[in-house]
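Working notes, beginning with the structure itself.
This structure is a prediction, so every number in the text was calculated from the model and none was measured. One-based numbering along the sequence shown. Read the numbers this way: they start at 1 and go in the same order the structure lists the ligands and their atoms.
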Amino acid sequence: MAEILLAVIMLLHLSSSSSSSLPTSTVLDPLFLYIDEHQNEFVQRLGEWVAVKSDSSHRVHWGDIHRILNMTADRIKEMGGQVEFADIGTQQLSDGESLARPPVLLAQFERDPNKPTLCIYGHVDVQPAKKEDGWATDPYTLTELNGNLYGRGATDNKGPVLAWLHAVETYRATKQEVPVNLKFIIEGLEEIGSDGLDELTRQRNESFFSDVDYIVISDNVWVSRKPALTYGTRGSSYFFVEVEGPKLDLHSGVFGGSVHEPMTDMIALLGSLLDHTGKILVPGINESVAPLTEEEKKLYKDIHFDIEEMKKAIEVKSFLQDNKEEILMARWRYPSLSIHGIEGAFSDSGSKTVIPRRVIGKFSIRQVPNMEPSVVERQVKEHLQEVFAKQKSPNSLKVTTSVSAKPWVANLNDPLYIAGRKAVKLVFGEEPELIREGSTIPIANNFQEVTGKRVMMLPIGGHDDGEHSQNEKISRYNFIQGTKLFAAFFYELSKLQKDQ
Ligand SMILES: *[C@@H]1O[C@H](CO)[C@@H](O)[C@H](O)[C@H]1NC(C)=O
Ligand SMILES: *[C@@H]1O[C@H](CO)[C@@H](O)[C@H](O)[C@H]1NC(C)=O
Ligand SMILES: *[C@@H]1O[C@H](CO)[C@@H](O)[C@H](O)[C@H]1NC(C)=O
Ligand SMILES: [Zn+2]
């Protein structure tokens with residue numbers, strides 16, 4: 001019976017130029033069946049990938065990054081794709097030496113000009129992990145417990161990369177044409193900042209990226225038990241405020257009351273940045289925030305977020321806002337300023353009576369559309385200089401910045417998001433939560449800015465996967481349903497293109 005069905009599918013397939021004109025179930029049912037039947041193989045392959053210690057933070061493991069990139073390339077070649085290892089130069093290491101960076105893997109499959117072209121980004125390096133750090137199982141031995149697959153890289157990002165490859169494999173194994181043109185860009189230095197990737201993207205803008213229509217990234221997680229689509233990330237600027245005074249640290253008993261203390265200046269400077277409600281007091285910042293529309297406001301209603309549960313999880317008595325919508329907006333669509341520390345200030349236990357001669361305050365501002373990091377940095381510097389001038393202090397002030405990442409937001413009415421929503425509905429039987437990330441993930445904005453292509457983040461990891469943490473995992477359910485989601489997404493994207 002199954003053979004007859006398959007033959008019918010193939011006949012139908014041959015008689016129409018694309019599978020996208022077939023009823024959805026005819027296309028997807030055999031794919032989903034294949035994925036269910038081959039899930040143990042898929043999990044086993046994830047185990048082989050997790051076993052490779054491709055920890056990019058230690059150079060001793062960079063050979064393993066080459067190895068996992070080769071394994072990725074081999075799978076793509078087995079499926080008929082073409083691969084190229086793009087050289088991205090050398091990395092200056094903290095010990096002063098420089099080392100050739102692992103290449104970026106660029107891959108593509110046979111191109112049909114009638115199909116949309118999707119480029120998938122992923123990374124195969126991981127964060128460090130040691131059993132002694134408090135893992136319940138060996139981090140490099142994928143271990144299944146209660147439906148969860150524990151291992152470093154299981155969710156960030158080896159599982160999702162494999163799920164994409166398995167989705168392609170599934171089309172081929174069930175003798176269906178993949179309904180979109182596919183390209184892959186897979187890197188091995190994401191966890192230490194993706195150095196070299198932005199430049200490569202620029203270099204290949206006119207070649208590799210020129211025929212790409214859409215870019216999809218699956219390198220984040222859901223925010224609740226419900227599936228999600230991510231349409232925004234916050235940008236960030238990091239500030240160092242240095243106040244320098246006397247030549248030496250001074251004794252407060254001797255000099256206290258007679259000198260302008262750098263710490264006093266610092267407290268005034270840091271205290272001028274925001275008020276007790278979290279409102280940023282630097283002039284100009286609030287005004288540049290994109291206004292909230294009624295349509296956008298509605299998006300927050302349906303997101304599952306339990307205030308009480310979150311209060312318990314992080315042991316706080318209250319949040320700055322008192323309802324779900326406002327808390328989520330404060331995290332995702334408004335800027336925030338956090339003070340991180342004061343270098344040079346006495347911070348040990350005990351009661352040393354020193355007047356520090358030089359202190360460096362550190363804070364960062366998470367940014368949202370339509371803020372521009374270079375403008376924010378200028379506004380902050382001007383504000384601090386103005387506050388400092390009022391202090392009439394003889395000390396010197398210096399404000400510098402590092403990390404400058406732009407915020408990113410996508411258009412939810414883009415075909416990419418419509419296809420993503422339909423695919424989620426098909427596989428999970430419910431609409432995805434439309435979410436943003438409060439943290440800074442420069443990749444989406446970098447791709448969008450350089451290539452001008454539409455970008456979507458389509459996570460398959462669960463909210464409790466613990467990326468970067470001990471006991472990182474992906475559930476078998478998310479890994480396997482995620483593979484179906486990607487297969488269905490190819491189909492929905494091609495169908496949408498056809499329908500337009
Ligand atoms: C990866 O493959 C390249 C050839 O494509 C080979 O030169 C290199 O030795 C391989 N590296 C590892 C670590 O397997
Ligand atoms: C921020 O600016 C908007 C106008 O762009 C204004 O309506 C709002 O009251 C301001 N909020 C604060 C906290 O100053
Ligand atoms: C990259 O190429 C696209 C056309 O595919 C173009 O619109 C865009 O401006 C280019 N980006 C840069 C940085 O040159
Ligand atoms: Zn990641």
Shortest-distance N, O or S atom of Asp219 relative to the Zn ion (ligand 4) = OD1
Restricting to N, O or S atoms of Asp156, which is nearest to the Zn ion (ligand 4)?
->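 Result: OD1.
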What do you think, any protein heavy atom under 4.0 angstrom from atom 4 (C) of ligand 1?
->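 So atom 4 (C) of ligand 1 lacks protein heavy-atom neighbours under 4.0 Å.
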Heavy atom of protein closer than 4.0 angstrom to atom 1 (C) of ligand 3 = yes
Quick check: does any side chain N or O of Trp62 sit under 3.5 Å from a backbone N or O of Ser56, one acting as donor and the other as acceptor?
-> yes
N/O donor-acceptor pair under 3.5 Å between Gln39 side chain and Val43 backbone | no
Who's the nearest protein heavy-atom neighbour of atom 14 (O) of ligand 3, and how far?
->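 The closest heavy atom on the protein side is Asn205 ND2, 3.6 Å.
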Can you tell which of Val212, Thr451, Val450 gets a heavy atom nearest to atom 11 (N) of ligand 3?
->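 Looking at heavy atoms only, the winner is Val450.
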Passing candidate, side-chain hydrogen bond (donor to acceptor under 3.5 Å, both in side chains) with Lys473, options Asn478, Thr155, Asp464 =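 Running side-chain hydrogen bond (donor to acceptor under 3.5 Å, both in side chains) over Asn478, Thr155, Asp464 with Lys473 returns exactly one hit, Asp464.
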Of all the atoms in ligand 1, which lie at a distance below 4.0 Å from a heavy atom belonging to Gly63?
->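 Selected atoms, number and element: 13 (C).
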Can you list the ligand 1 atoms lying under 4.0 Å from a non-hydrogen atom of Arg67?
-> 13 (C)
Classify the ring geometry between Tyr300 and Trp332 as parallel (under 30°), tilted (30 to 60°) or perpendicular (over 60°).
->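 Rings of Tyr300 and Trp332: tilted, 30 to 60°.
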Aromatic ring pairing Phe42/Tyr34, orientation class (parallel under 30°, perpendicular over 60°, tilted between) | tilted
Measure from the ring center of Phe428 to the ring center of Trp222 and say whether it is less than 6.0 Å.
-> yes
For ligand 1, find out whether one of its N or O atoms is nearer than 3.5 Å to an N or O atom of Asn70.
->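 Asn70 vs ligand 1: N/O contact under 3.5 Å present.
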Find all atoms of ligand 3 within a distance of less than 4.0 Å from any non-hydrogen atom belonging to Lys453, and give their numbers and elements.
-> 5 (O)
Flag yes if more than 12 heavy atoms outside Glu132 fall under 6.0 Å of its CD atom; otherwise flag no.
->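 Check passes, neighbour count above 12.
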